[in-house]
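Here's the structure, in C-alpha cells; my notes come after.
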Amino acid sequence: MTSKNLISRFPCARQDFAASLVVFLVALPLCVGVAVASGVPAELGLVTGIVGGLVTGLMRGSSLQVSGPAAGLTVLVLEAVKEFGLPALGVIVLVSGLLQVAMGLLKLGRWFRAISVSVVEGMLAGIGLVLIAGQLYPALAAKAPDSGLGKIAGLPGAFLDALGDGRAVASLAVCAGTIAVLLLWQHLPAKARTLPGPLAAVGLATVAAFALDLPVATVEVQGLLGSVQPPPLSAFGELASAGMLGTVVAFTLIASAESLFSAAAVDRLHSGPRTEYDKELLAQGAGNAVCGLLGALPMTAVIVRSAANVQAGARTKASRVLHGVWLLLFAALLPDVLAYIPIPALAGILIHSGAKLVPVRALAELWREHRGEALILAVTAVSIVAVSMFEGVLIGLAMAVVKTAWQASHIRLEVVDKGAGPVDACLSGNATFLRLPKILDSLESLPQDRPVRLDLSGLHHLDHACRTALENWAARHSAAGTEPVRVTTPAR
C-alpha cells in the first residue's frame, strides 16, 4: 500500500500517533502513582491503563476520552485492600464492571447526569482532602493512619518527627521539588511543555535521587506477570458480606459518575462526535470486568489524560488505543525502570492531583450565589473525610434530595379579610408535608367566629398528608359554632 493510499485510508493517523505518545507520557507516572498510593503493586496500575486503552479504547462511547486508574478511587481502593485483601479487589472490580455493563444495557447512563453536581464535586473534594493528607505521610517517610480524620490529625506530629530525621527531610525535599516542577512547568514556553509535566517532574526527581544518592524509598518491582493474579474462587464467597456489597456499590456509582461527568467535560473541549452515555458506561463496565479478572485496579475515564489527548490534536479513538500499546510495551520491556522512581515523587504527583480535586475558588463563588448547593458540597466532603467514601456520598445525596424537595414545596397562602363576612383563604403552589406546619399555623390564626372559604384550586400538587391535615382543620374550625368551612378543591 502506497503512502498516499495509507493517508487516504487513515487521514488522522499522524495526529493520533502524536497524541498517543503524549497521553502515554502523561499516563505512565499517574498509573504507577495511583497503584502505589492504593497499596497494590505498581504494575497493576499499568495493567489498568493497558486495559483502558486496548479494551475500553476500542469500544464506542466517547471517542476521545481516555480511561485508566484514577486518583479519585485511590482512597476507596486502599480501604478495600486493607479490609478485604488484594485477592478480593479483583472480585469487587469484576462485579462492579458487570453492574456497569448491565446499567449500560438498560440505558441508565444518561441518568447519572441527573446526580447533583454539588454532590459529585463534594465527593471529589473529600477524596482530594484524604488523598493529600494520606500522601503527605510517604512524603515524610512515615506510615499513614487508616482513617481520614486520623490522617489529618496526625500530620502535625508527623512533621515534628520529621525535623530530626535525615531520611524524612530528604523524602520531603523530593516531594516538594516534584510539586514545584509541576507548578512551574505550566508557565514554561509551549515548546518546553512538549514533555508532560508529571513525567518531567518524576524524571527530574529520579535523576536527583540517583545522582545525589538520597536515602528515599523507591518503587518495588514484581514484574508484570508476577503482579497479575486473577481472584481465586474463594474470594467470591465474601460477596455475601454487607461490607463488600457496599464497597461494590460505591465502586460502581463513583466510577460511573466520574466517567460520565468526565465525558461531559471532554465534549466541551472538542467539536467532534458527542458522547453516547449508555455506550460509554458499557465500555467502562467491560474494561472494569477485564481489570477484575486480572486482579488489577478499577478504571474510570480520567479528565487529565483525556484533556491531554484532545489538546495534543487527537482526532479518533486510535490515539487512546495506541497509548495502551505503549503502556504494554513499557511494562513488558522496561519494568525495571520503575525501581528507580522515588515514592515521594509519586506522592508529590498525587498531592498535586488531589489539590485539583478541591474546588476552593468554585466553592467561594457557589457560596455567594447558591448557598444551599455550597453547603451540600462542603458536607459531602467533610462526611467523606470523617466517616467513609460510601457513607459520605449517601449523606450528600440525601441532602440534595431534601433540598430539592424543600424547594419544590413552594406554597403561598393569600388571606382576604374585609373585616366582616367570610374570610377568603387561597392556597397556591405545591402543598407537601414539608410545608404543613407553616400552612396549619397560618390557617389556625384565622378568626374562629367567622366563616372561612378555603380555595385550593391554585394548588399544583396536594399530597395525602396535607389533604388529611386540611380536612381535620376544617372540621375543627366548623365545630366552633361557625358555618362549615367551604373548600374549593383543585381540579384533578
Side-chain angles (χ1 to χ4, degrees), residues 25 28-46 69 71 74-75 77-78 81-82 86 130-147 150-185 195-224 226-227 297 330-331 334-355:
L25 295 174
L28 181 60
L30 292 175
C31 287
V32 177
V34 169
V36 173
S38 301
V40 304
E43 291 85 350
L44 290 183
L46 294 176
T74 301
V75 177
V77 173
L78 183 62
V81 172
K82 284 183 177 179
L86 185 56
V130 177
L131 189 60
I132 292 168
Q135 289 306 301
L136 283 171
Y137 286 91
L140 295 166
K143 186 179 184 300
D146 292 335
S147 67
K151 288 181 174 70
I152 293 174
L155 283 175
F159 274 101
L160 288 175
D161 293 340
L163 293 178
D165 186 345
R167 183 168 175 268
V169 171
S171 183
L172 183 59
V174 171
C175 177
T178 303
I179 296 173
V181 171
L182 288 170
L183 294 175
L184 294 172
W185 201 258
L195 189 67
L199 186 70
V202 170
L204 290 172
T206 303
V207 171
F210 181 77
L212 300 175
D213 195 22
L214 297 177
V216 296
T218 56
V219 175
E220 295 181 8
V221 177
Q222 298 183 9
L224 191 62
S227 300
L297 290 171
F330 178 87
L334 300 170
D336 293 338
V337 173
L338 298 177
Y340 294 96
I341 298 176
I343 286 179
L346 298 177
I349 295 287
L350 291 173
I351 289 171
H352 183 259
S353 298

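In this structure, the separation between CG on Asp165 and OG on Ser171 is 9.5 Å, given to the nearest 0.5 Å. To the nearest 0.5 Å, the span separating CG on Leu25 from CG on Leu30 amounts to 11.5 Å. Summarising the geometry, atom OG1 belonging to Thr206 is positioned 11.0 Å from atom CG belonging to Leu214; distances are rounded to the nearest 0.5 Å. For the atom pair CG of Leu338 and SG of Cys31, the computed distance is 10.5 Å after rounding to the nearest 0.5 Å. Here the CD-CD1 distance, from Gln135 to Ile351, works out to 6.5 Å after rounding to the nearest 0.5 Å. For the atom pair CG of Asp161 and CG of Leu140, the computed distance is 9.0 Å after rounding to the nearest 0.5 Å.
Judged purely by atom type and a 3.5 angstrom limit, Tyr137 uses its side chain to pair as donor or acceptor with the backbone of Leu155. Between the side chain of Lys151 and the main chain of Ala133, no donor-acceptor pair closer than 3.5 Å is present.
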Show, in sequence, the C-alpha distance, side-chain angles and deciding distance for Leu183 and Ile179, and conclude whether the side-chain contact (heavy atoms from CB on, under 4.5 Å) test is met.
CA-CA 6 Å; Leu183 294 175; Ile179 296 173; 4.0 Å; yes
Does the pair Leu28 and Phe330 meet the rule for a side-chain contact (heavy atoms from CB on, under 4.5 Å), with working shown?
CA-CA 9 Å; Leu28 181 60; Phe330 178 87; 3.7 Å; yes
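With sequence neighbours excluded, the residues forming a side-chain hydrogen bond (donor to acceptor under 3.5 Å, both in side chains) with Ser227 are Glu43, listed by chain and number.
Counting all heavy atoms, side chain and backbone alike, Leu86 lies closest to Pro41 at CD2-CD, 4.1 Å. The minimum heavy-atom distance linking Leu46 with Ala331 is given by the pair CD1-CB, 4.0 Å. Residues Val216 and Pro342 share a closest heavy-atom pair of CG2-CB, 4.0 Å. Considering every non-hydrogen atom in both Ile132 and Gly354, the closest pair reads CD1-C, 3.8 Å. Looking at every heavy atom in both residues, Ala42 comes nearest to Val32 through CB-CG1, 3.9 Å. Between Leu199 and Pro29, the shortest heavy-atom distance links the atoms N-CG, 3.9 Å.
For the pair Thr218 and Ile343, the minimum side-chain heavy-atom distance is 4.5 Å or more. Counting only heavy atoms from C-beta outward, the side chains of Leu297 and Ser38 approach each other to under 4.5 Å. In this structure, Val81 and Leu78 have side chains that are not in contact, with every pair of non-hydrogen atoms separated by 4.5 Å or more.
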